[in-house]
There are 2 protein chains.
Amino acid sequence: MMRLAIIGFGSVGRGVAAAIAEKSLDLEVTAVADSRSAVTDPDGLDLLAVLDAKEKTGKVGSEGVGAMDVIRDGRFDVLVEVTPTNALTGEPALGYIEAALAASKYVVTSNKGPIALKYPALAALARQHGVELRYEATVCGAIPIINALKTGLAGNRIERLYGILNGTCNYILTRMADEGLSYQQALLEARELGYAEADPTYDVKGIDPAIKLVILANTVFDMNVSLDDVSITGIDAITTDALALADEQDCTIRLIGEIIPSKRIMRVSPRLLSKDHQLVVHNTLNAVTVETDLAGDITMIGRGAGSMETASAIIGDLLFIRDHHVKRT
Amino acid sequence: MMRLAIIGFGSVGRGVAAAIAEKSLDLEVTAVADSRSAVTDPDGLDLLAVLDAKEKTGKVGSEGVGAMDVIRDGRFDVLVEVTPTNALTGEPALGYIEAALAASKYVVTSNKGPIALKYPALAALARQHGVELRYEATVCGAIPIINALKTGLAGNRIERLYGILNGTCNYILTRMADEGLSYQQALLEARELGYAEADPTYDVKGIDPAIKLVILANTVFDMNVSLDDVSITGIDAITTDALALADEQDCTIRLIGEIIPSKRIMRVSPRLLSKDHQLVVHNTLNAVTVETDLAGDITMIGRGAGSMETASAIIGDLLFIRDHHVKRT
């Protein structure tokens, strides 16, 4: 059975553990580490007990043991790296991923930092050690967009990719348009519902969708770019008046991320869209359209965030590795 | 380099050949057969010459040599089976696919007949011979829905799948609603544009989308069903009045195919949908929503037919085999 080490036990890590505990997936978790403790069992952990311990004590196991100890211990096949994103340095996730790949372990991550910052080097390290690095969960949550681009649509040249890559901004714009709320009112509501963080800068300034564009650009389109290459305008200057004006023309405003690979164009900006445009989705949904040479336009719509939604993407990656790479008994 | 034998050289087969000729995909075509002739070259055919011959003479090569001769000859790795669908017997495609799998050849097909009728037996035959049978092109043309269900969303339980699986019916309903055309007028227009066949029965009676449900049911949901298990109502009794009435309620009518795996429900029927429903796509587009336990609802929209769109799905399958299975030089 394929053995997993889960590094990071916030809502995503717990979501992955809960899904594995509930389903019969032929996956075994032999180690879990959170930011201050770790627990291992080479014969397979009782995940419900680990989830229970985390809920009751705030930690998964013994303090003084950490993620790097788990990785060095090495009694697993796949590292599930789900610690919080640091978009500036990628750490500590980057170090975890590098150490695991160098030890010939597969890696599945939801962490945007290391993928946006270092994908070419990490992919080379994976190849060198005969393993694979998968990261479906880093872009558009539950929507299997990376898989669609790299597998289903693999024969296509992608002319353009554009869409709504940030659910927080989409929620705020939806509420402003539907209820006439001000930006500040809608942001407050998003915070109360847990859709926006205490510091919403990354979302409302458009940095989060820009990071996702960098990930797509570097991992699917081989563009070798960084965040500095993205032209970014957020939604924090959008007024209720602007939305009312859009409404008069049967339009609305959405924050759109766009890549045109052949022109090396990458931008995030609020755009006026006709209300019946397929990308005008509501609340926290994400939606992406890819324009291709053979398949025409393909649009995918779904939830861009959430612990179980992210777990869905991670488990999809894990099952792919289970079925196509790691053959253990 | 991975060697292909293309069986069937209608619009789909020619689309595949044209895409392979144009792109650098590390794929080599060593045989092409149409309904009355075949041409082979173990060192790789000049596809532009074969396409040219087909256009000028109506055949690809020598008469008296056929698809089964190509398969018996065996100098290829993957059979690309793109002959016309026979939904009653699956033949002659079924025989070609069986012969190829039995000779340990991979198979990629766009042919709904064999997959709807015999998938479990064919998949078992493939496993027995260490190869794989892929069929993305059989459902929703360019939309990589099979890949999404079997890979990206593999960790999910699918509660329900529903959507627009037939572009011909969608075109007719769109034109009736938008222009006030009668069913007969819209059908005539669809025929003139090549969207409907001379005998449109399979499309307008809902049989084509029902066959696609059977394929999804048997290949993704392990339901072991046949066309008789699908409750089917077509669009040929829809009147302009019914669409006008729907319009008064801000709704429209679409032909929806639906599977609820846990209840073994499969049905195709015209449904009233709010105009802002995400499945209300226009003209010949297809659209599918899957309701899942982890990922929530995922919707995919794209072109459901067309030679290059179908070629996109076939080439996606071929590249998957190239990258994950056949390792030859």
Side-chain angles (χ1 to χ4, degrees), chain A residues 15-16 18-20 22-23 25 27 136 140-157 275-276 278 280-282 285 287 289-290 292-304 306-320 322-325, chain B residues 15-16 18-20 22-23 25 27 136 140-157 275-276 278 280-282 285 287 289-290 292-304 306-320 322-325:
Chain A
V16 171
I20 290 173
E22 189 205 327
K23 291 167 180 266
L25 300 174
L27 301 173
E136 179 68 72
C140 290
I143 306 175
I145 179 74
I146 304 279
N147 184 48
L149 289 167
K150 289 190 122 172
T151 305
L153 300 172
N156 288 268
R157 185 175 60 242
K275 280 184 188 169
D276 62 4
Q278 63 198 3
V280 177
V281 295
H282 298 275
L285 284 177
T289 296
V290 286
T292 74
D293 62 336
L294 301 178
D297 290 7
I298 302 284
T299 297
M300 300 177 79
I301 300 168
R303 296 188 194 163
S307 58
M308 296 320 287
E309 290 81 356
T310 308
S312 165
I314 289 169
I315 291 172
D317 280 345
L318 288 170
L319 297 183
F320 186 88
R322 184 197 68 184
D323 293 343
H324 294 279
H325 294 283
Chain B
V16 171
I20 291 173
E22 189 205 325
K23 292 168 180 265
L25 300 174
L27 300 174
E136 179 67 72
C140 290
I143 304 175
I145 179 73
I146 305 279
N147 184 48
L149 289 167
K150 291 192 120 171
T151 305
L153 300 172
N156 288 269
R157 185 175 60 243
K275 280 184 187 170
D276 62 3
Q278 63 200 3
V280 177
V281 294
H282 298 274
L285 284 177
T289 295
V290 288
T292 74
D293 62 338
L294 301 177
D297 291 6
I298 302 284
T299 298
M300 299 177 80
I301 300 167
R303 297 188 195 163
S307 59
M308 295 321 286
E309 290 81 355
T310 307
S312 165
I314 289 168
I315 290 172
D317 280 345
L318 288 171
L319 296 183
F320 186 87
R322 182 197 69 184
D323 293 343
H324 294 279
H325 294 283

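Note on naming: letters A, B, ... go to the chains in the order of the sequence lines (proteins, then strands), and numbering restarts at 1 for each one.
Heavy atoms of A:Asp317 lying under 4.5 Å from chain B are absent altogether. Heavy atoms closer than 4.5 Å to chain B are found in the side chain of A:Leu319, but not in its backbone.
Most heavy-atom pairs under 4.5 Å with chain B: of the set A:Gly152, A:Ala142, A:Ala295, A:Gly141, this distinction falls to A:Ala295. Between chain A and the residues B:Gly316, B:Ala19, B:Gly155, the largest count of heavy-atom pairs under 4.5 Å involves B:Gly155. Comparing B:Val280, B:Ile315, B:Leu285, B:Asn156 by heavy-atom pairs within less than 4.5 Å of chain A, the highest count is held by B:Asn156. The candidate with the highest count of non-hydrogen atom pairs below 4.5 Å against chain B, out of A:Ser312, A:Ala287, A:Gly15, A:Ala311, is A:Ser312.
Taking each heavy atom of B:Ala313 and B:Glu136 in turn, the nearest pair found is CB-CG, 3.8 Å.
B:Met300 contributes atom CE, which lies 7.0 Å from atom CD1 of A:Ile298 (distance to the nearest 0.5 angstrom).
A:Asp293 and B:Lys23 are joined by a salt bridge, as a carboxylate oxygen and a charged side-chain nitrogen come within less than 4.0 angstrom of each other. In summary, B:Asp297 and A:Arg303 do not engage in a salt bridge, as defined by a charged side-chain N under 4.0 Å from a carboxylate O.
In this structure, a donor-acceptor pair under 3.5 Å is absent between the side chains of B:Asn147 and A:Thr151.
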